[in-house]
Amino acid sequence: MESVHKMRLSNQSSVICMPGHRDLKGNEVEAIIKFKRALGLDDVDAANMHMVVGRRLYKESLDAFQKLIFVSNLVFGDASEFILPWKHLFGITDYQIDIAMRENAKSLYALELKSIGRGINIGTVIDIRRVQLAYKLFDEIAADMFREHAKNLIQENISSALSILKSNPGSTNIPEQVIDEVNTILAFNSLLTVLGKFPDGDRFARGLGPVSLGGEFDHDRMVGDLKILYAAYATAVLSDGNLDDEKLVRLSELRDIFGLGKLEAEAIIEGVTSNVKSQVPA
């Protein structure tokens, strides 16, 4: 009987990430549930095993103990409140349990978002929502994390475009790669906007919608570069000297993404238009 107990303890400990082991991957809950079923354990007996592991982790590592709380609560779902006596055995509070649940859910959700690029579709945003609910991550936190992820993707395009632009100082022609990067930003933002307005959006990831870098803590530091990139794109699209409705929509959308004021964006466009016209032979 003792050897069986040791086997169970060893197997379960390896699944929930003992101190010094890798971070949670997101497959731990499913693995433990399968393991519990394979052993033929009911919830009460299995919960007791979690408490045995908890006594060891509580003394060894706060981080590992918090992971145990998170994984265990997901394994037993609604029954956790009754069969996992965290507060009674370890003297911790509801607030401490909430922290363990929230921070581990955020870590795993962030891991999920890393796999999401600019080519998202309906299936992707539905899957992200399912993951969020499985980790019991609050909507507000999930929305903030998704918006931050979208901003980071756009900032990658901005950095790439600026790098190319600044490596060609004095050039009269805007490099095509710069235009491609900005068009990628506009296409991605348009996709997020459409998905954010979808009628069946309750099944979708939280945080969908147009992106704006305005209001970011470092926006003032970035705004000079954003104006340079905005002017470069305006120069490319207005190279024929015509500002039609389609171009105006694209420039207005880019203005909002960059968080530029309406008047300063209009001043940039006017300057570009004037410069283009001055270069046209009389």
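Computed from heavy atoms alone, side chains included, the values below leave out hydrogens, waters and symmetry copies.
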Close aromatic pair by centroid cut-off 6.0 Å: Tyr58 and Phe90: yes

Would you call the rings of Phe258 and Tyr230 parallel, tilted or perpendicular if under 30° counts as parallel and over 60° as perpendicular? perpendicular

Between Asp23 and Lys67, does any side-chain N to carboxylate O distance fall below 4.0 Å? yes

side-chain contact (heavy atoms from CB on, under 4.5 Å) between Glu30 and Ile33, worked out: CA-CA 5 Å; Glu30 182 181 359; Ile33 291 175; 5.8 Å; no

Tell me, with the steps shown, if Ile69 and Asn73 meet side-chain contact (heavy atoms from CB on, under 4.5 Å). CA-CA 6 Å; Ile69 291 175; Asn73 283 359; 3.8 Å; yes

Are Glu81 and Phe76 side-chain neighbours, meaning at least one heavy-atom pair lies under 4.5 Å? no

Side-chain ion pair, Arg250 and Asp245, N-O less than 4.0 Å: no

From the options Leu165, Ile268, Val178, Ile179, select the one residue that forms a side chain to side chain contact (heavy atoms under 4.5 Å, CB included) with Tyr233. Ile179

Donor-acceptor side-chain pairing of Asn121 and Thr124 below 3.5 angstrom: yes

May I ask you to check whether over 12 heavy atoms, not counting those of Glu156, lie within 6.0 Å of atom CD? yes

Please determine whether side chain to side chain donor-acceptor pair (under 3.5 Å) holds for the pair Glu253 and Asn189, giving the CA-CA distance in whole Å, both sets of side-chain angles, and the decisive distance to 0.1 Å. CA-CA 9 Å; Glu253 183 179 347; Asn189 190 69; 3.0 Å; yes

For Asp240 and Lys247, what are the C-alpha separation, side-chain angles and deciding distance, and is it a side-chain contact (heavy atoms from CB on, under 4.5 Å)? CA-CA 11 Å; Asp240 59 0; Lys247 293 176 181 177; 2.8 Å; yes

